[in-house]
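What follows is a set of notes on a single structure, which appears directly below.
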Amino acid sequence: MSLSPDKIQEIRNTVHSVVSEVSGLELSELSPELSIAEDIAPTSLDRVTLFMALEDEFSSSIPEEELQGIQTLGDLVSFVEHKFLAAQG
């Protein structure tokens with residue numbers, strides 16, 4: 001089972017909207033290479049706020065240990081896509 005291109009785009013847009021809202025960055029400034037820790041959410045409070053906002057948006061909890069490997073915005077989008085796919089399965 002896989003996600004449709006439209007669903008992937010919807011997830012990407014939603015993640016980008018949440019990131020933009022939490023970080024204060026414009027949507028046009030977001031790129032997959034942006035560092036979560038350096039560019040998007042530089043403090044631990046910023047990261048907690050970001051991940052809580054994503055949990056609220058997608059109505060899903062994200063265990064802290066699953067966040068360890070997320071370094072960039074691209075990683076974050078891929079993580080949410082896989083989480084969404086797993087929930088659909």
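Excluded from the calculations below are hydrogen atoms, water molecules and symmetry mates; all remaining heavy atoms, backbone and side chain alike, are included.
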### Message
Let me confirm one number: the CG-CD distance from Leu3 to Gln9, rounded to the nearest 0.5 Å.
### Response
12.5 Å
### Message
Do Asp39 and Thr72 have side chains that approach each other closer than 4.5 Å (heavy atoms only, starting at C-beta)?
### Response
no
### Task
Please answer whether the main-chain N or O of Glu26 pairs with a side-chain N or O of Glu29 as donor and acceptor at a distance below 3.5 Å.
yes
### Query
Do Leu67 and Met52 sit in the same hydrophobic cluster, where Ile, Leu, Val, Met, Phe, Trp and Tyr count as joined when their side-chain heavy atoms come under 4.5 Å apart?
no
### Message
Quick test of your reading of the model: are Lys7 and Glu81 salt-bridged, counting only N-O distances below 4.0 Å?
### Response
no
### Query
Can you tell me how far the CD1 atom of Ile11 sits from the OG atom of Ser78, to the nearest 0.5 Å?
10.5 Å
### Query
Taking all non-hydrogen atoms of both residues, which atom of Leu73 and which atom of His16 are closest, and how far apart?
CD2-NE2, 3.6 Å
### Message
Looking only at side-chain N and O atoms, does Ser31 offer a donor or acceptor that is under 3.5 Å from a partner on Glu33?
### Response
yes
### Task
Answer yes or no: is there a side-chain heavy-atom contact under 4.5 Å between Leu54 and Phe79?
no
### Message
Are Leu27 and Leu34 connected into the same hydrophobic cluster when the rule is that any two of I, L, V, M, F, W, Y join if their side-chain heavy atoms are below 4.5 Å apart?
### Response
yes
### Query
Among Thr14, Val15, Ile62, which one satisfies side-chain contact (heavy atoms from CB on, under 4.5 Å) with Val80?
Val15
### Summary
When rounded to the nearest 0.5 Å, the distance separating NE2 of His82 from CD of Glu66 is 12.5 Å
### Task
I would like to know whether Leu76 and Val19 meet side-chain contact (heavy atoms from CB on, under 4.5 Å); could you show each step before the answer?
CA-CA 10 Å; Leu76 181 59; Val19 167; 4.1 Å; yes
### Query
Is there a side-chain contact between Lys83 and Ser60 (heavy atoms, below 4.5 Å)?
yes
### Query
If you count the non-hydrogen atoms of other residues, nucleotides and ligands that lie under 6.0 Å from CD in Glu21, is the total more than 12?
no
### Message
Can you tell me how far apart CG (Asp56) and CZ (Phe51) are? Round to the nearest 0.5 Å.
### Response
13.5 Å
### Query
Counting heavy atoms not belonging to Glu65, are there more than 12 under 6.0 Å from its CD?
yes
### Query
Out of Asp46, Leu25, Val22, which one pairs with Ile40 under the side-chain contact (heavy atoms from CB on, under 4.5 Å) rule?
Leu25
### Message
Does any part of the side chain of Ile36, heavy atoms only, come nearer than 4.5 Å to the side chain of Arg47, both counted from C-beta?
### Response
yes
